[in-house]
Novice: 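My structure is below; once you've seen it, I'll send some questions.
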Amino acid sequence: MSKARKTDPQSPALHAADSHDLIRVHGARENNLKDVSIEIPKRRLTVFTGVSGSGKSSLVFDTIAAESQRLINETYSSFVQGFMPTLARPEVDVLDGLTTVITVDQQRMGADPRSTVGTATDANAMLRILFSRLGKPHIGPPSAYSFNTASVRASGGITVERGAAKTKTVKATFNRTGGMCTRCEGRGKVSDIDLTQLYDDSKSLSEGAFTIPGWKSDSQWTVQLYAQSGFVDPDKPIRRFTKKEMQVFLYGEPVKIKVNGINLTYEGLIPKIQKSFLSKDKEAMQPHIRAFVERAVAFTVCPECDGTRLSEGARSSKIKRLSIADACAMEIRDLAEWVRGLKEASVAPLLEALQRTLDSFVEIGLGYLSLDRPAGTLSGGEAQRVKMIRHLGSSLTDVTYVFDEPTIGLHPHDIQRMNDLLLRLRDKGNTVLVVEHKPEAIAIADHVVDLGPGAGSAGGTVCFEGSLDDLRASDTVTGRHLDDRAALKESTRTSTGALKIRGATANNLEDVDVDIPLGMLVVVTGVAGSGKSSLVHGSIPAGEDVVSIDQTPIRGSRRSNPATYTGLLEPIRKAFAKVNGVKPALFSANSEGACPTCNGAGVIYTDLAMMAGVATPCEDCEGKRFQAEVLEYRLGGRDISEVLAMSVAEAEKFFGDGEARTPAAHKVLERLADVGLGYLTLGQPLTTLSGGERQRLKLATHMAERGGIYVLDEPTTGLHLADVEQLLGLLDRLVDSGKSVIVVEHHQAVMAHADWIIDLGPGAGHDGGRIVFEGTPADLVADRSTLTGEHLAAYVGS
């Protein structure tokens with residue numbers, strides 16, 4: 001009967017449940033999207049392309065993924081939602097056919113010193129249970145092997161109530177065995193403050209002994225606090241302080257005192273410095289403050305735990321002569337083999353789960369990492385792949401996976417492996433949405449969506465939908481550049497000197513000696529984990545002549561924008577103040593000029609508890625952020641809010657000549673335009689910028705620093721094929737202006753354009769850490785002795 005039904009031409013039509021095979025988006029207006037309507041096939045791999053800033057992330061992350069997450073959150077009770085992040089509904093008319101979205105982005109993992117690769121992936125938790133069951137000698141439960149858990153002992157009387165007249169006090173003792181090293185508190189490093197960087201001990205406080213930035217003026221409140229505290233003699237040189245005076249001066253407990261009739265809190269210099277400087281993010285500091293912190297504070301390996309973070313007890317318990325510290329320090333691929341050799345029936349399910357997790361690391365190309373690697377030191381690409389691990393073995397199907405440039409940080413040799421993983425997720429019946437620029441990753445797409453045609457206000461529309469072949473034949477920016485190939489240079493620059501690195505042993509480097517030529521464009525390449533960053537960021541001697549631009553994210557609130565981040569607002573405020581004869585502070589929305597109703601935010605935020613808060617434009621300033629009287633002051637016919645609404649390109653012309661001519665502002669704007677950010681508005685919040693835009697904003701800022709050597713870490717991150725050519729032009733201009741440029745990069749176009757290539761390898765982890773090639777790109781292609789040489793030869797068609 002069932003067979004007849006299968007072949008019966010009169011069988012009923014497709015079941016209604018099988019008709020939901022599309023994700024439908026209609027009228028999306030998030031960020032720069034211009035009423036976008038699109039249908040995305042389910043259970044297929046769709047790649048979203050377009051120039052940086054065209055609206056890809058706005059469509060995929062801020063619309064589709066955000067709405068899916070919001071709808072899932074709404075299924076919980078209001079009590080539970082009160083503990084979850086509140087999400088507003090995206091600006092879109094219709095979103096239909098959504099499934100559960102799992103977002104795997106390139107946001108770096110938290111830089112908390114207690115977070116490691118092991119703690120971020122549950123591998124550490126499973127190892128702790130394993131050692132608590134099999135470790136000899138047995139020292140306690142899993143917490144005894146945790147560097148985040150301190151040992152606690154307490155005893156005393158507790159009151160027990162068992163009815164109205166049955167209250168009694170009993171003695172109780174509480175013990176918890178933790179694995180934290182007591183000296184470094186589980187951080188693996190101890191900080192040591194260099195007192196010579198804080199003050200000149202040959203001078204007295206009244207003679208200006210402090211050398212801390214901002215503390216040099218005798219009239220400064222903090223200086224007066226110490227000088228008039230009464231705890232030390234302000235007229236005696238610091239080196240002549242008694243032992244008691246020195247103790248109070250450096251380590252005194254907080255105490256209330258009066259200085260010039262004002263109540264203030266006095267505390268020792270060391271805790272004061274720790275609160276004022278060391279508790280803040282270094283990236284957010286002004287350059288001179290950051291330089292002071294780097295001079296004054298030295299982090300050294302903890303002498304008690306030797307950097308393992310663990311107590312002596314945790315290090316003494318072993319399985320097959322290996323402690324948990326030894327296991328976490330091994331490369332994960334070696335640890336996987338060690339775990340495979342453990343045969344113990346009592347913990348078989350645990351061993352199986354741990355084995356599966358460790359094998360996933362190896363499969364995804366991260367076998368060279370160790371579990372004790374601090375999570376904050378992972379690159380954006382490594383962090384994204386670590387997040388993928390928990391999804392590889394998942395039995396869930398009909399899930400939508402969203403990836404943000406999963407090939408970041410991958411050598412061409414590794415991209416095929418990543419492609420295979422994406423296809424595996426799709427073949428299990430999942431929808432895979434990928435934001436990507438690299439042709440090798442676009443090539444595996446079942447469906448391609450191209451956004452543009454430009455960036456910012458010039459983008460936000462769908463230029464193309466269809467197959468890869470149709471994209472190649474289309475006249476879109478992506479279609480025209482898809483088959484672009486940079487040619488090898490006919491002639492390369494001549495070196496003007498060399499940066500000598502001798503005996504480099506950082507991480508996996510094996511006593512590397514190399515001369516990096518100066519006055520040239522040098523590309524350092526090699527497979528992921530081969531030691532590129534260790535060589536460039538960890539071994540080049542730091543000095544005033546080296547400007548390092550890495551992938552650390554920009555810190556900034558919704559009040560921060562390109563004008564404030566780059567320092568552009570300072571000359572603009574001064575220009576407004578000079579023309580109008582008033583104070584510069586009036587032209588800051590974070591200072592005196594701020595609208596008092598919204599405090600310069602431009603919007604009023606209403607908290608709705610477990611529901612998404614509502615932001616409404618401020619009625620008094622109409623979203624302009626400034627007081628009405630401030631907007632009456634003009635420069636070149638524009639008020640300050642109109643200037644902040646300009647694009648970089650428009651502002652460059654405005655401040656270039658005429659009444660508003662401001663050379664200091666024009667220089668900053670030229671740099672922003674040089675890195676391809678001419679479409680950004682000056683007042684656009686930093687929180688709305690894409691990853692690629694943020695890195696180029698950082699590059700534009702650092703270009704102002706006086707350095708002869710620029711070190712860049714994958715500057716093509718987030719760049720469209722069409723933008724790479726502009727980046728190469730910028731690098732050429734830097735070199736031609738007398739700078740030396742060293743780039744850590746995988747993009748073949750940058751390799752082909754280099755004057756000199758240093759290739760590390762041949763593999764990753766302990767299989768890498770050696771120089772396998774030095775020379776020109778043409779020599780590398782002709783040689784073909786390395787993986788990089790083979791892929792570059794294929795790229796240039798040799």
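Computation of the quantities below employed the complete heavy-atom set of this structure, encompassing side-chain atoms and omitting hydrogens, waters and symmetry-equivalent molecules.
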Novice: I want to check something: taking the side chain as every heavy atom from C-beta on, are Asp513 and Ile501 in contact at a cut-off of under 4.5 Å?
Specialist: no
Novice: Do Val772 and Leu760 have side chains that approach each other closer than 4.5 Å (heavy atoms only, starting at C-beta)?
Specialist: no
Novice: If the test is side chain to side chain contact (heavy atoms under 4.5 Å, CB included), which one of Val724, Leu731, Asp732, Val743 qualifies with His753?
Specialist: Asp732
Novice: Scan side-chain atoms only and decide if Ser317 and Tyr145 contain a donor-acceptor pair under the 3.5 Å cut-off.
Specialist: yes
Novice: Can you measure from CD (Glu774) to CG (Asp779) and round to the nearest 0.5 angstrom?
Specialist: 12.0 Å
Novice: Could you give me the CA-CA distance, side-chain angles and deciding distance for Glu510 and Thr505, then say whether side chain to side chain contact (heavy atoms under 4.5 Å, CB included) is met?
Specialist: CA-CA 6 Å; Glu510 297 187 4; Thr505 55; over 6 Å; no
Novice: Just wondering, are more than 12 heavy atoms of other shown residues or ligands nearer than 6.0 Å to CD in Glu725?
Specialist: no
Novice: Determine yes or no for a side-chain-to-main-chain donor-acceptor pair under 3.5 angstrom, with Ser740 supplying the side chain and Leu518 the backbone.
Specialist: no
Novice: Using a distance-only test with no angle check, is there a side-chain donor-acceptor pair under 3.5 angstrom linking Thr478 and His720?
Specialist: yes
Novice: Between Phe131 and Trp338, how do the two ring planes meet: parallel, tilted or perpendicular, split at 30° and 60°?
Specialist: parallel
Novice: List the steps, then state whether side chain to side chain contact (heavy atoms under 4.5 Å, CB included) holds for Val362 with Leu366.
Specialist: CA-CA 5 Å; Val362 178; Leu366 294 176; over 6 Å; no
Novice: Using side chain to side chain contact (heavy atoms under 4.5 Å, CB included), reason through Ile758 and Val523 one step at a time and then give a plain yes or no.
Specialist: CA-CA 6 Å; Ile758 298 172; Val523 170; over 6 Å; no
Novice: Looking at every non-hydrogen atom in both residues, tell me the closest pair between Asn508 and Gly765 and how far apart they are.
Specialist: ND2-O, 2.8 Å
Novice: Would you indicate whether the side-chain heavy atoms of Val711 and Val546 approach each other to under 4.5 Å?
Specialist: yes
Novice: So, are Asp359 and Arg340 salt-bridged, with charged N and O less than 4.0 Å apart?
Specialist: yes
Novice: Only one of Thr716, Thr717, Thr525 clears side chain to side chain donor-acceptor pair (under 3.5 Å) with Glu745; which?
Specialist: Thr716
Novice: In terms of ring plane angle, is the pair Tyr401 and Phe403 parallel, tilted or perpendicular, where the classes change at 30° and 60°?
Specialist: parallel
Novice: Could you go through Arg128 and Asp122, starting from their C-alpha distance and side-chain angles, then the distance that decides it, and tell me whether this counts as salt bridge (Lys or Arg N to Asp or Glu O under 4.0 Å)?
Specialist: CA-CA 10 Å; Arg128 291 198 299 270; Asp122 296 337; over 6 Å; no
Novice: Look at the side chain of Gln355 and the backbone N and O of Ala336, then say whether any donor-acceptor pair between them is shorter than 3.5 Å.
Specialist: yes
Novice: Any luck finding a side-chain donor-acceptor pair between Thr308 and Asp306 under 3.5 Å?
Specialist: no
Novice: Step through the shown structure and confirm whether more than 12 heavy atoms of other residues, nucleotides or ligands are within 6.0 Å of CZ on Arg493.
Specialist: yes
Novice: Is there a side-chain contact between Ile364 and Leu421 (heavy atoms, below 4.5 Å)?
Specialist: yes
Novice: When rounded to the nearest 0.5 angstrom, what is the spacing between CG in Leu45 and OG1 in Thr431?
Specialist: 10.0 Å
Novice: Can you confirm whether Pro142 sits close enough to Ser132 that some side-chain heavy atom of one is under 4.5 Å from a side-chain heavy atom of the other?
Specialist: yes
Novice: Looking at Glu440 and Lys438, is there a salt bridge between them, counting it only when a charged N and a carboxylate O are closer than 4.0 Å?
Specialist: no
Novice: Heavy-atom count check: over 12 atoms from other residues, nucleotides or ligands less than 6.0 Å from Glu312 CD?
Specialist: no
Novice: In terms of side-chain geometry, is the basic nitrogen of Asp469 or Arg472 positioned less than 4.0 Å from the acidic oxygen of its partner?
Specialist: yes
Novice: Can you tell me how far the NE2 atom of His766 sits from the OG atom of Ser370, to the nearest 0.5 Å?
Specialist: 11.0 Å
Novice: Under 3.5 Å, is there a donor-acceptor pair between the side chain of Lys739 and the main chain of Met520?
Specialist: no
Novice: Could you give the distance from CE (Met751) to OH (Tyr795), rounded to the nearest 0.5 Å?
Specialist: 10.0 Å
Novice: Looking only at heavy atoms, which two atoms of Arg385 and Tyr368 are closest? And how far apart?
Specialist: NH2-OH, 4.2 Å
Novice: Do Leu471 and Leu482 pass the side chain to side chain contact (heavy atoms under 4.5 Å, CB included) test, and can you show the C-alpha distance, the side-chain angles, and the key distance before you say yes or no?
Specialist: CA-CA 9 Å; Leu471 173 65; Leu482 196 60; 4.2 Å; yes
Novice: To the nearest 0.5 angstrom, please state how far the CG atom of Asp414 sits from the NE2 atom of His791.
Specialist: 8.0 Å
Novice: I'd like to know if Asp446 pairs up with Arg426 as an ion pair, taking the criterion as any Lys NZ or Arg NE/NH1/NH2 lying under 4.0 Å from an Asp or Glu carboxylate oxygen.
Specialist: yes
Novice: When you measure from the side chain of Asp404 to the backbone of Val435, do you find a donor-acceptor pair of N or O atoms at a distance under 3.5 Å?
Specialist: no
Novice: So Ile742 and Leu499, do their side chains get closer than 4.5 Å, heavy atoms only?
Specialist: yes
Novice: Identify the heavy atoms of Val524 and Lys532 that sit nearest to each other, and give their distance.
Specialist: O-CD, 3.9 Å
Novice: State, with a plain yes or no, whether a side-chain heavy atom of Cys181 is found less than 4.5 Å away from one of Glu304.
Specialist: yes
Novice: Between Asp759 and Arg770, does any NZ, NE, NH1 or NH2 come within less than 4.0 Å of an OD or OE carboxylate oxygen?
Specialist: no
Novice: Contact between Ile516 and Trp756 at the side-chain level, heavy atoms closer than 4.5 Å - yes or no?
Specialist: no
Novice: Pairing donors with acceptors under 3.5 angstrom, does anything connect the side chains of Asn148 and Ser146?
Specialist: no
Novice: To the closest 0.5 Å, what do you measure between CD1 (Ile771) and OG1 (Thr786)?
Specialist: 11.5 Å
Novice: Over all heavy atoms of both residues, which pair between Lys428 and Leu396 is shortest? Give the atoms and the distance, please.
Specialist: CE-O, 4.4 Å
Novice: Check this for me: Lys489, atom NZ, are more than 12 non-hydrogen atoms of other residues, nucleotides or ligands nearer than 6.0 Å?
Specialist: yes
Novice: Using the side chain to side chain donor-acceptor pair (under 3.5 Å) definition, which of the options His437, His746, Glu436 pairs with Thr407?
Specialist: Glu436
Novice: Kindly give the heavy-atom pair with the smallest separation between Ala65 and Phe61, and that separation in Å.
Specialist: CB-O, 3.5 Å
Novice: For a quick check under 3.5 Å, do Arg696 and Ser52 share a side-chain donor-acceptor pair by atom type?
Specialist: yes
Novice: Given 3.5 Å as the limit, does a donor-acceptor pair link the side chain of Thr357 with the main chain of Ala353, or not?
Specialist: yes
Novice: Grab the two heavy atoms, one from Thr46 and one from Phe48, that are nearest each other, plus how far apart they are.
Specialist: CG2-CE1, 3.8 Å
Novice: Closer than 4.0 angstrom, basic N to acidic O: yes or no for Arg502 and Asp515?
Specialist: yes
Novice: Examine distances only and state if a side-chain atom of Ser530 and a backbone atom of Gly763 form a donor-acceptor pair shorter than 3.5 Å.
Specialist: no
Novice: Check this for me, if you would: do Arg356 and Glu352 make a salt bridge, where the nitrogen-to-carboxylate-oxygen distance has to be below 4.0 angstrom?
Specialist: yes
